[in-house]
Asker: 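Sharing a structure, written as structure tokens. Questions coming.
Order of the sequence lines sets the chain letters (A, B, ...), proteins ahead of strands, with each chain counted from 1. Only a predicted model underlies this, so the values are computations on that prediction, with no experimental measurement involved.
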Amino acid sequence: MTPEELSTAISACLRDAVAAGQISVDVPESVRVERPKSRDHGDWATNIALQLGKKASMNPRDFAQVLATRLADADGVAKVEIAGPGFLNITLEAGAAGELARSIVEAGAAYGTNEALVGHEINMEFVSANPTGPLHIGHTRWAALGDSIARVLKASGANVTSEYYINDAGNQMNIFALSVYNRLHGLPVPEGGYPGGYIKELADAVADAHPDIRNLTAEAALPIVRHAAYVAQMADIKETLNDFGVEFDVFFSEQELHAGGAVEDAVARLREQGHIDDTDGAVWLRTTDFGDDKDRVLIRANGEPTYFAADAAYYLSKKDRGFTEKIYLLGADHHGYVNRLKAIAAAAGDDPKVNIEVLIGQLISVNGARLSKRAGNIIELRDLVNWLGADALRYSLGRYPADSPMTIDPELLKKNTNDNPVFYVQYAHARSRAASRNAVEKGVERTDFDATLLTHETENDLLAALGQFPSVVAQAATHREPHRVARHLELLAGAYHSWYAACRVTPVGDGTVEPIHRTRLWLNDATTQVLANGLDLLGVSAPEKM
RNA sequence: GCCCUCGUAGCUCAGGGGAUAGAGCGUCCGCCUCCGGAGCGGAAGGUCGAAGGUUCGAAUCCUUUCGAGGGCACCA
């Protein structure tokens, strides 16, 4: 019996009790069951009686008694006890939990997928770094997190498109082009330009593609430089993301938005909706109608659209493409945009509480210093991957929630990789594979399976951790918090190691192979599967050997 | 000035109304003649920034306050 099945059984008991007139209360769709901290409290516990007791106008213990009596008769439930103010402590029948090991092995890579978000059409936008330089440490967290969020959303049944918005329009691209142009001619970095060493590499790439570039006038050369440098830079960004295991379905160009007239269309559509003001020669979106603290300019008095106008057009594009939920993953330095982005959604006729979701994450600091690509002292994502390894980096970033401020000490990570829990989890996977290979070699095979043999307390704990996995994935998806998966994998790895120390899959020495060994091989392989499935959600490899 | 996020063990951080607040690292004590010791078992270490409030019950929710980071453009 899995925790989900137990939860379902409890809901059924509640409904039956209502039908029988024993209690009068609205039965929630799902009941949360928790693994109690103390083993004395049984296999699973729920505080549902405490939560519903008051609503049912009953003493929580009396409420618990009604529920306990019914639940004790459910299949797979051995014992139900009422504790404290009205906790229900549930003990399962021997073997009721063990069946899970076989079903996980049979489900394979599909174990953990769930239907929590079936029917959701989600656009997941993240990274969206300007194509004016390499991805750096500031993008690293969003790349890892956004990709993992997309993965847990998909695993929970949502239809997800991962998207990268390329800010390839606007003045910063001109400055970028001028920076490369100056470099080609050995001129100093322009005012406010990009000084990084990568500018030289881009200049070389431009010169390779256009050998005569230095002979052209600035007027003729700049558009060519701009485009060639942009192409080279985007190729570099895509390669870096690929090496980091981050996949995008769509790279969306802001430039094409402008070129295709989408920005003008967006302004016209918002005007039709009645949210446009023409003041001081500029065109304004009245975002204050929707909770923003001031109105925002869409078209400047000089006729140029603002960045915000492109944002509006981009939002409408997402809406037109059928996405009901548009998720933006932004750094804390962008939190000022949240209200106006939501205002766009509202002005477009969407519900800002449902159709748009802006996740704001805290920035990473490195040794207390915040690095800037404009300052030229960047730490590149590519270098971090080469330095620490994609697995360690993905995992260490993926195991913290987005709004948790993080301090990474590269020196510490570099010199002592054992600090990183990724090794604990990967090691558990590699160890379980070794145990399995060894068992097969000694003649232990997954032929028969007898769940009632899995009685050791470490087996109880291990099965519980395995059983919770699908609901952990579902919660990670609904909360957009993949770190829950990472934390659960650490719990699972710990349960596995404890079990491994106490229970043998392979008989000692020349001992005969018993049903218990074969049954344990199922449990071992089920653990392998869940570790691999969970690591995949985090974009981390599951090694056969380490 | 206004707004957002965050203050939990020596360090990095989980937990976000329920039972004795957790993990990793670090420190200390045990455990390889048998499936991977990158492991296991145990110990020490906490007024959950502070003060009020709501509740049967608060690290968790509310208010105030202190501290850290970030944001408040006809920039992108």
Side-chain angles (χ1 to χ4, degrees), chain A residues 34 36-38 40-41 45 47 50-51 53-54 59-60 83-87 89 130 132 167 169-175 192 254 279-284 293-294 296-311 331-339 360-363 365 370 396 399-409 412-413 416-421 423-424 426-428 430-439 441-442 444 458 483-484 486-487 490-491 493-494 496-511 517 520-521 524 545-546:
Chain A
E34 293 180 324
K37 284 166 196 152
S38 166
D40 300 337
H41 296 153
N47 63 357
L50 289 162
Q51 291 178 347
K54 183 178 282 184
N59 178 310
F87 293 102
N89 292 333
N130 291 350
T132 54
N167 295 132
N171 197 43
Q172 89 280 3
M173 287 302 291
N174 296 331
I175 294 170
E254 181 190 355
T279 307
D280 299 333
V283 180
W284 301 69
D293 51 0
K294 58 167 72 168
R296 306 291 170 178
V297 171
L298 289 168
I299 308 293
R300 299 183 190 109
N302 66 9
E304 287 292 314
T306 60
Y307 183 82
F308 182 59
D311 272 346
D333 55 339
H334 285 65
H335 103 264
Y337 301 159
V338 176
N339 279 341
I360 291 296
Q362 295 293 306
L363 301 176
S365 60
R370 203 186 132 206
S396 55
R399 74 188 290 265
Y400 301 109
D403 56 9
S404 169
M406 273 185 77
T407 305
I408 280 188
D409 183 346
L412 187 71
L413 278 180
N416 187 0
T417 50
N418 286 346
D419 283 357
N420 196 320
F423 290 97
Y424 186 75
Q426 285 188 317
Y427 178 69
R431 195 185 209 188
S432 72
R433 288 299 301 133
S436 185
R437 286 190 298 266
N438 190 279
E441 199 174 303
K442 294 283 176 62
V444 182
T458 59
H483 78 275
R484 290 164 184 262
R487 299 288 169 167
E490 289 162 32
L491 175 77
Y496 177 77
H497 288 310
S498 295
W499 172 72
Y500 184 90
C503 301
R504 294 188 58 95
V505 177
T506 306
V508 179
D510 295 330
H517 300 118
R520 282 177 178 158
L521 183 56
N524 181 82
K545 295 177 181 175
M546 292 175 71

Asker: Side chain of A:D403 only, heavy atoms from C-beta on: which candidate in B:rC74, B:rC40, B:rC6 is closest?
Answerer: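 Given the options B:rC74, B:rC40, B:rC6, the side chain of A:D403 is closest to B:rC6.
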
Asker: Roughly how far apart, to the nearest Å, are B:rG41 and B:rA9 at atom P?
Answerer: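 The answer is 24 Å between these two P atoms.
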
Asker: Could you tell me the separation between the CD atom of A:E34 and the P atom of B:rA19, rounded to a whole number of Å?
Answerer: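 Result: 8 Å.
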
Asker: Can you figure out which of B:rA19, B:rG41, B:rC6 approaches the side chain of A:S498 most closely?
Answerer: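 Closest of the options to the side chain of A:S498: B:rG41.
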
Asker: Look at the side chain of A:H335 and decide which nucleotide, out of B:rC4, B:rA14, B:rA38, has an atom nearest to it.
Answerer: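 Closest nucleotide among those given: B:rC4.
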
Asker: Looking only at non-hydrogen atoms, find the nearest pair between A:V505 and A:H517 and report the distance.
Answerer: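 For A:V505 versus A:H517, the nearest heavy atoms are O-CB, 3.1 Å.
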
Asker: Could you work out the separation of B:rG10 and B:rC28 based on their C1' atoms and round it to a whole Å?
Answerer: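 Per the computed distance, 14 Å lies between those C1' atoms.
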
Asker: Expressed in angstrom and rounded to an integer, what is the separation of A:Y307 atom OH from B:rC75 atom P?
Answerer: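 Rounded to the whole Å, the gap is 14 Å.
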
Asker: Ignoring the backbone of A:L50, work out which of B:rA19, B:rG39, B:rG18 is nearest its side chain.
Answerer: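 For A:L50, the side-chain atoms sit closest to B:rG18.
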
Asker: Ring-on-base stacking between A:Y424 and B:rG24, under 5.5 Å between centres and under 30° between planes: is it there?
Answerer: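 Ring-base stacking flag not set for A:Y424 and B:rG24.
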
Asker: Would you name the heavy atoms of A:A45 and A:N89 that are closest together and state the gap between them?
Answerer: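 So the minimum-distance heavy-atom pair works out to CB-OD1, 3.5 Å.
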
Asker: Determine whether any donor atom in the side chain of A:Y500 lies under 3.5 Å from an acceptor atom in the base of B:rC32, or the reverse, and answer yes or no.
Answerer: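 Per atom types, no contact qualifies.
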
Asker: Using OP1 and OP2 only, check whether a side-chain N or O of A:K294 sits under 4.0 Å from B:rA73.
Answerer: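 It does, given that an N or O in the side chain of A:K294 lies less than 4.0 Å from OP1 or OP2 of B:rA73.
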
Asker: Tell me the closest heavy-atom pair linking A:T506 and A:A439, and the distance in Å.
Answerer: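 Heavy-atom minimum between the residues: OG1-CA, 3.4 Å.
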
Asker: Compare every heavy atom of A:K294 with every heavy atom of A:R296, then report the nearest pair and how far apart it is.
Answerer: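 Residues A:R296 and A:K294, closest heavy atoms: NE-O, 3.4 Å.
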
Asker: I need the CG-C1' distance between A:N47 and B:rC56, as an integer number of Å.
Answerer: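 Atom CG in A:N47 sits about 14 Å away from atom C1' in B:rC56.
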
Asker: When all nucleic acid strands are considered with a 4.0 Å heavy-atom cut-off, which category describes A:D280: base, sugar-phosphate, or nothing?
Answerer: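 Here A:D280 touches the bases of the nucleic acid.
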
Asker: Could you check B:rC32 for me: syn (within 90° of 0) or anti?
Answerer: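 With its glycosidic angle within 90° of zero, B:rC32 counts as syn.
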
Asker: In whole angstrom, give the distance that lies between atom CG of A:D293 and atom C1' of B:rG1.
Answerer: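 After rounding, the reported distance stands at 13 Å.
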
Asker: Heavy atoms from C-beta onward define the side chain here; which of B:rC35, B:rG36, B:rA19 lies closest to that of A:N438?
Answerer: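 When the side chain of A:N438 is considered, B:rC35 is the closest of B:rC35, B:rG36, B:rA19.
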
Asker: Identify whether any heavy atom of A:N174 sits under 4.0 Å from a base atom; if not, whether one sits that close to sugar-phosphate; answer base, sugar-phosphate or nothing.
Answerer: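 If one applies the 4.0 Å heavy-atom cut-off, A:N174 turns out to touch nothing in the nucleic acid.
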
Asker: Counting the atoms with a prime plus P, OP1 and OP2 as sugar-phosphate, which does A:P401 contact under 4.0 Å by heavy atoms, base, sugar-phosphate, or nothing?
Answerer: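 Contact class for A:P401: sugar-phosphate only.
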
Asker: Separation of A:R504 atom CZ from B:rG39 atom C1', in whole Å?
Answerer: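 Distance, rounded to whole Å: 15 Å.
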
Asker: On the nucleotide B:rA73, are OP1 or OP2 found under 4.0 Å from the side-chain N or O atoms that A:T306 carries?
Answerer: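 For B:rA73, neither OP1 nor OP2 has a side-chain N or O of A:T306 closer than 4.0 Å.
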
Asker: Quick one: closest heavy-atom pair of A:P305 and A:R300, and the distance?
Answerer: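 Answer, listing the atom of A:P305 first, then A:R300: O-NH1, 3.6 Å.
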
Asker: Which part of the nucleic acid does A:H497 contact within heavy-atom distance under 4.0 Å: base, sugar-phosphate only, or nothing?
Answerer: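 It contacts sugar-phosphate atoms only.
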
Asker: With a non-hydrogen cut-off below 4.0 angstrom, is A:A301 in contact with a base, only sugar-phosphate, or nothing?
Answerer: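 It contacts base atoms.
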
Asker: Kindly point out which of B:rG18, B:rA14, B:rG70 is positioned nearest to the side chain of A:Y400?
Answerer: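 Side chain of A:Y400 sits closest to B:rA14.
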
Asker: Identify the heavy atoms of A:L50 and A:P60 that sit nearest to each other, and give their distance.
Answerer: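 Heavy atoms only, the tightest pair is CD2-CB, 4.0 Å.
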
Asker: Atom NZ of A:K545 and atom CZ of A:R437: how far apart are they, to the nearest 0.5 Å?
Answerer: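 Between atom NZ of A:K545 and atom CZ of A:R437 there are 5.0 Å.
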
Asker: Fit a plane to each ring of A:Y496 and A:W499, take the angle between them on a 0 to 90° scale, and name the class: parallel (under 30°), tilted (30 to 60°) or perpendicular (over 60°).
Answerer: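 Ring orientation of A:Y496 relative to A:W499: tilted.
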
Asker: Only pairs with both distances under 3.5 Å count, Watson-Crick or wobble alike; so what is the partner of B:rA44 in this structure?
Answerer: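 None - no nucleotide pairs with B:rA44, as no candidate has both distances under 3.5 Å.
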
Asker: Can you tell me the distance, in whole Å, between the CH2 atom of A:W499 and the P atom of B:rG39?
Answerer: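 Rounded to whole Å, this separation is 18 Å.
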
Asker: Nearest whole Å is fine: how far is B:rC35 P from A:D510 CG?
Answerer: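 Whole-Å distance recorded here is 14 Å.
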
Asker: Taking the P atom in each of B:rA73 and B:rC3, what is the distance between them to the nearest angstrom?
Answerer: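 Those two atoms are separated by 16 Å.
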
Asker: Assign A:A428 to base, sugar-phosphate, or nothing according to its heavy-atom contacts below 4.0 angstrom with the strands shown.
Answerer: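 Answer is nothing: A:A428 stays at 4.0 Å or more from every strand.
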
Asker: Closer than 4.0 Å, any side-chain N/O of A:H483 to the OP1 or OP2 of B:rG15?
Answerer: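 Yes, because at least one side-chain N or O of A:H483 sits under 4.0 Å from OP1 or OP2 of B:rG15.
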
Asker: For A:H334, report the nucleic acid contact type (base, sugar-phosphate, nothing); a contact means any heavy atom under 4.0 Å.
Answerer: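 Nothing, no heavy atom under 4.0 Å.
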
Asker: Could you state the atom-to-atom distance from CE of A:M173 to C1' of B:rC75 in whole Å?
Answerer: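 In whole Å, B:rC75 C1' and A:M173 CE are 16 Å from each other.
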
Asker: Under 4.0 angstrom, heavy atoms only, what part of the nucleic acid is A:A45 near: base, sugar-phosphate, or nothing?
Answerer: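 Here A:A45 touches the bases of the nucleic acid.
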
Asker: With a non-hydrogen cut-off below 4.0 angstrom, is A:G84 in contact with a base, only sugar-phosphate, or nothing?
Answerer: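 The answer is nothing, as A:G84 stays clear of every strand by at least 4.0 Å.
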
Asker: Please give the distance between the C1' atoms of B:rG15 and B:rA59 as a whole number of Å.
Answerer: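 Comparing C1' positions in B:rG15 and B:rA59 gives a spacing of 9 Å.
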
Asker: For B:rA50 and B:rC66, measure between their P atoms and round to the nearest Å.
Answerer: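 Nearest-Å result for B:rA50 against B:rC66 at atom P: 15 Å.
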
Asker: If you measure from the P atom in B:rU60 to the same atom in B:rC72, how many Å do you get, rounded?
Answerer: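 Rounded to whole Å, the distance is 31 Å.
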
Asker: Could you work out the separation of B:rU8 and B:rC40 based on their C1' atoms and round it to a whole Å?
Answerer: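 Between the two C1' atoms, the distance is 28 Å.
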
Asker: Suppose we define a pair by two distances each less than 3.5 Å, Watson-Crick or G-U wobble; what does B:rC25 pair with here?
Answerer: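 With both distances under 3.5 Å, B:rC25 matches B:rG10.
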
Asker: OP1, OP2 of B:rC75 versus side-chain N and O of A:R300: anything below 4.0 Å?
Answerer: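 Answer is yes, contact under 4.0 Å.
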
Asker: Can you tell me which nucleotide in B:rG16, B:rG36, B:rC13 comes closest to the side chain of A:R487?
Answerer: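 Closest nucleotide to the A:R487 side chain: B:rC13.
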
Asker: If we take the P atom in both B:rG42 and B:rU55, what is their distance in whole Å?
Answerer: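 It works out to 41 Å between them.
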
